[in-house]
K.L.:
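For reference, the structure I am asking about is given below.
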Amino acid sequence: MARTAPPSVPPPPGPAARGSLSLHRAYLRSPLGLLRLGQLVMGAAFWVTVAAHKYEGAAHFALFAAVLVWLLTLALFGLSLLGRWALVPWLGSRWLLTNLVHDLLLGVGLYAAATGIMGYKAGRKSYCSLPGYSQRCLYGAYLSASVCGGIAACLYLFSGLYCLSRRCRDQRDIV
């Protein structure tokens, strides 16, 4: 018995495919994308420096603030780089305003506070950089963290001002 070929009927359509993930290269080359990369590098340098050394007291808050802002910045950067900010409920339609508030309130505010804390702690440990001091010296670590935090706060200020200037020109997109 010979088999007959089944009729050539196209398969039923599957579920609608989501758009493929691709990098939003225009964002990566924009001033905001470059500032975000700098913020991530300086923020990581800040909290890794603090976390790698002995810390106590107010340095716990500085570390918490730095890691919180760094993680939120990483989320903003990832969503912006993939062009998926529309997936964020309520904030996705206001993405430029979200970036503006994040940069000026959280970024500048928390990094300025963390920088002040680490600068104060560095000043309190400045005696240990004297010759002949035999104990472990945290002055260099606290000073390095303070410098990284200050640079990060400036980068957040610049990106916040960039978002503000785009908003004042009635542009609603981050690029």
Side-chain angles (χ1 to χ4, degrees), residues 23-24 27-28 30-130 133 135-167 174:
L23 295 181
H24 193 209
Y27 171 73
L28 196 54
S30 73
L32 188 59
L34 296 174
L35 285 167
R36 285 275 182 258
L37 284 173
Q39 291 164 0
L40 289 170
V41 169
M42 285 292 116
F46 179 93
W47 66 262
V48 166
T49 302
V50 174
H53 295 84
K54 181 183 167 205
Y55 58 93
E56 73 280 338
H60 287 94
F61 171 76
L63 185 61
F64 167 76
V67 170
L68 174 69
V69 174
W70 189 83
L71 288 173
L72 290 173
T73 303
L74 187 62
L76 286 176
F77 180 73
L79 287 169
S80 298
L81 185 61
L82 295 174
R84 299 295 183 168
W85 57 82
L87 297 176
V88 182
W90 193 78
L91 297 177
S93 61
R94 298 165 181 86
W95 197 242
L96 184 63
L97 183 62
T98 301
N99 279 270
L100 174 67
V101 169
H102 169 267
D103 292 341
L104 292 181
L105 292 182
L106 288 176
V108 174
L110 289 178
Y111 266 111
T115 299
I117 289 169
M118 297 313 291
Y120 175 77
K121 292 183 89 47
R124 303 259 317 185
K125 299 285 184 181
S126 64
Y127 63 85
C128 72
S129 62
L130 296 172
Y133 188 78
Q135 303 296 320
R136 186 162 185 235
C137 182
L138 295 174
Y139 173 74
Y142 288 162
L143 185 62
S144 299
S146 181
V147 168
C148 290
I151 293 171
C154 289
L155 290 174
Y156 280 103
L157 179 64
F158 294 151
S159 64
L161 293 175
Y162 174 77
C163 290
L164 185 63
S165 72
R166 289 188 64 82
R167 179 124 173 118
I174 56 173

K.L.:
Residues two or more places apart in sequence or in another chain: which of them pass side chain to side chain contact (heavy atoms under 4.5 Å, CB included) with R167?
P.N.:
L96, L97, R172
K.L.:
If you compare all heavy atoms of L161 against all heavy atoms of L104, which two are closest, and at what distance to 0.1 Å?
P.N.:
N-CD2, 4.4 Å
K.L.:
In Å, rounded to the nearest 0.5 Å, how long is the span from SG of C163 to CG of L35?
P.N.:
9.0 Å
K.L.:
Is the backbone of Y120 close enough, under 3.5 Å, to the side chain of R124 for a donor and an acceptor to pair up by distance?
P.N.:
no
K.L.:
Applying side chain to side chain contact (heavy atoms under 4.5 Å, CB included), name anything that partners L76, two or more places apart in sequence or on another chain.
P.N.:
R36, W95, T98, N99, H102
K.L.:
Has S80 got a side-chain atom pairing as donor or acceptor with F77's backbone, closer than 3.5 angstrom?
P.N.:
no
K.L.:
Rounded to the nearest 0.5 Å, how far does NE2 of H53 lie from SG of C137?
P.N.:
10.0 Å
K.L.:
Do you know which two heavy atoms are closest between I117 and A62, and how far apart they sit?
P.N.:
CG2-CB, 4.2 Å
K.L.:
Which atom names give the shortest non-hydrogen contact between A122 and Y139, and what distance separates them?
P.N.:
O-CD1, 3.1 Å
K.L.:
How would you list all residue pairs meeting side chain to side chain donor-acceptor pair (under 3.5 Å) that involve residues 153-162, not counting sequence neighbours?
P.N.:
Q39-S159, T73-Y156, D103-S159
K.L.:
What pairs with A153 under side chain to side chain contact (heavy atoms under 4.5 Å, CB included), at least two apart in sequence or on another chain?
P.N.:
Y111
K.L.:
Are any of the side-chain heavy atoms of I174 and R166 separated by less than 4.5 Å?
P.N.:
no
K.L.:
Using ring pair (Phe, Tyr, Trp, His ring centres under 6.0 Å) as the criterion, list what pairs up with Y55, not counting sequence neighbours.
P.N.:
H60
K.L.:
If you measure from CH2 on W85 to OH on Y27, what distance do you get to the nearest 0.5 Å?
P.N.:
9.0 Å
K.L.:
To the closest 0.5 Å, what do you measure between CG (L105) and CG (L110)?
P.N.:
9.5 Å
K.L.:
Would a 4.5 Å heavy-atom cut-off, applied to side chains only, mark W70 and M42 as touching?
P.N.:
no
K.L.:
Contact between L91 and R94 at the side-chain level, heavy atoms closer than 4.5 Å - yes or no?
P.N.:
no
K.L.:
Hey, what do you get for CG (L82) to NE2 (H24), rounding to the nearest 0.5 Å?
P.N.:
10.5 Å
K.L.:
Taking atom CG of L155 and atom CD1 of I151, what is their separation to the nearest 0.5 Å?
P.N.:
7.5 Å
K.L.:
Using the test side chain to side chain contact (heavy atoms under 4.5 Å, CB included), find all partners of A113 that sit at least two apart in sequence or belong to another chain.
P.N.:
F61
K.L.:
When you measure from the side chain of S146 to the backbone of Y142, do you find a donor-acceptor pair of N or O atoms at a distance under 3.5 Å?
P.N.:
no
K.L.:
Return the minimal non-hydrogen interatomic distance between F46 and A114, and the atom names on each side.
P.N.:
CZ-CB, 3.7 Å
K.L.:
Where do T49 and A141 come nearest, in terms of heavy atoms and distance?
P.N.:
CG2-O, 3.4 Å
